[in-house]
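The shown structure was predicted, so the numbers you read here are calculated from the model rather than taken from an experiment.
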Amino acid sequence: MSEQITHPRPILGQRDGTPILFRNARIFTGNDETLLEGYDVLVADGRVAKIAKGIDVDAGWRVIDAEGRVMSPGFIDAHAHVMFQMSFPEAFGSDEFYWAYKATAAAETYLMNGFTTIRDVGGNTFSLKKNIDAGVVAGPRIYPSGPMISQTSGHSDHRQDCHKCAAILNEPSVPMKYHMVAVADGHDGVLVAVREAFRRGASQIKICTTGGTGSYADPLDVTQFLPGEVQAAVAAAKDWGTYVCTHAYHDEGIRRAVENGVKSVEHANLATESTLKMMKEQDIWLSPQVIVYTKHPLGYTEDQKAKHDEAYAGIDRMMATARKIGFQKIAFGTDIITDPELLQRANDEFRLRTKWFTPFEVMRQATALSGELLAMSGPRNPYKGKLGVIEEGALADILLIDGNPLDDIEVVTRPADTLHLIMKNGVVHKTALAR
């Protein structure tokens, strides 16, 4: 009989040690453009234990017949904000418990869209991550950055005209109060902010070196953090064995970050060819997003909307240039904020990227390449195992897809219909297969 179970609670392989054997799947490994056919995949203890032809079944194993569906690694959103899924007015008028409940719902959305892992690059996700890992709530693995860190009047400074000057009164904005963002100035201030994030369990650090669309006081052309402040963040992260990524739109902010040790550039919408070449030559990761710019986030002012449109206008040139120069280290991310309905359509990011990249390249960005970026957290990696690939020893994050996304990327934009199985860490959270 066939069933459709979409509630994200674990329904099969519930940490009971029962191995699961997949037969008759066409395997997208995450790295290879040709699907692997005729191989069985054995999952045990949360990992891909064996890939071989004709694996003999032991008594007690569960066997899943993929019936020719495409097996893919779980998707990775390398630029997520799971805590920010409410409008600006809603967020600024709510307490931290409301934020948490909203984030719990968003976490389930990510998982049911096939995102078994996210790198959260700004938000107080530490308790949510712990509860997901413990099985209390359903959601993807989270690589937490903790609060996005900027200078005063930078991208993390959401204080408005009603707030007193910090020299008079330490009056934080709501996101600052809940440690979703942090504002720091000077070498010592940045060290404190970074070390506080590591105290809570950050796997990498996120700073800002240009203005942003969602903040009030910083036009996009502004360059943020002095070189010494960037160096402070990088040095502190290096001491913890991990790296710093930066929110940056334009050349000056990108170069200031890279020249001072940052390893991943988020957005880069306004980057020119010379800067992208510099990033490529220095092995810097490019972490762009498209879908977030196709709609104004809820609650944006007219000024914020204008900045958002300015950022959107630069995407085509930047992505086309990255493709032209052969930029390979490109991660997959969505950056969706304020909008649970848009988050439901996060997989449209796959289709949007095919304006510049082939379906295989996009799928690789969303799996193996983003997995490589996550692994840069080194000893701060909260999940010890390889992600984004189907290979022996990798963590068992597995999707069974009705259709071949390497031929038609539209297949993965309808996850409710086409993701027939979602497995994270060897545990099945959704199945629409015969049992």
Qualifying residues under side-chain contact (heavy atoms from CB on, under 4.5 Å), relative to L352, sequence neighbours excluded: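 Per chain and number, L352 pairs via side-chain contact (heavy atoms from CB on, under 4.5 Å) with V290, I291, T294.
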Tell me whether the rings of Y249 and H247 are parallel (<30°), tilted (30 to 60°) or perpendicular (>60°).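 Taking H247 first and then Y249, their aromatic rings stand perpendicular (interplane angle over 60°).
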Pairs meeting criterion salt bridge (Lys or Arg N to Asp or Glu O under 4.0 Å) with involvement of residues 363-387, two or more places apart: K386-E391
Under the salt bridge (charged side-chain N to carboxylate O under 4.0 Å, His left out) rule, collect the residues that match up with E302, sequence neighbours excluded.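 Per chain and number, E302 pairs via salt bridge (charged side-chain N to carboxylate O under 4.0 Å, His left out) with K305.
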N/O donor to acceptor pairs below 3.5 angstrom from side-chain atoms of residues 95-107, sequence neighbours left out:
residue: D95; atom: OD1; partner: F97; partner atom: N; Å: 3.2
residue: D95; atom: OD1; partner: Y98; partner atom: N; Å: 3.0
residue: Y98; atom: OH; partner: E90; partner atom: OE2; Å: 2.4
residue: W99; atom: NE1; partner: A91; partner atom: O; Å: 3.2
residue: K102; atom: NZ; partner: E90; partner atom: OE2; Å: 3.3
residue: T104; atom: OG1; partner: A100; partner atom: O; Å: 3.0

Would you list the pairs meeting ring-ring contact (aromatic ring centres under 6.0 Å, His included) in which at least one residue belongs to residues 53-74, sequence neighbours left out? none
Pair N260-Q231, side-chain donor/acceptor within less than 3.5 Å: yes
Any residue meeting side chain to side chain donor-acceptor pair (under 3.5 Å) with [X], in chain and number order, not counting sequence neighbours:
| X | result |
| --- | --- |
| K355 | D316 |
| S370 | none |
| Q344 | none |

Under 4.0 Å between a Lys/Arg side-chain N and an Asp/Glu carboxylate O for K130 and D133? no
What I want to find out is whether R351 reaches E349 closely enough, with some N-O distance under 4.0 Å, to be called a salt bridge.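 Result for this pair is no, no salt bridge flagged.
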List the steps and the verdict of salt bridge (charged side-chain N to carboxylate O under 4.0 Å, His left out) for K329 and D283. CA-CA 8 Å; K329 286 193 168 184; D283 239 13; 3.3 Å; yes
Does [X] have any ring-ring contact (aromatic ring centres under 6.0 Å, His included) partners at least two apart in sequence or in another chain, and if so, which?
| X | value |
| --- | --- |
| W356 | none |
| Y143 | Y383 |
| Y293 | H308 |
| F332 | F350 |

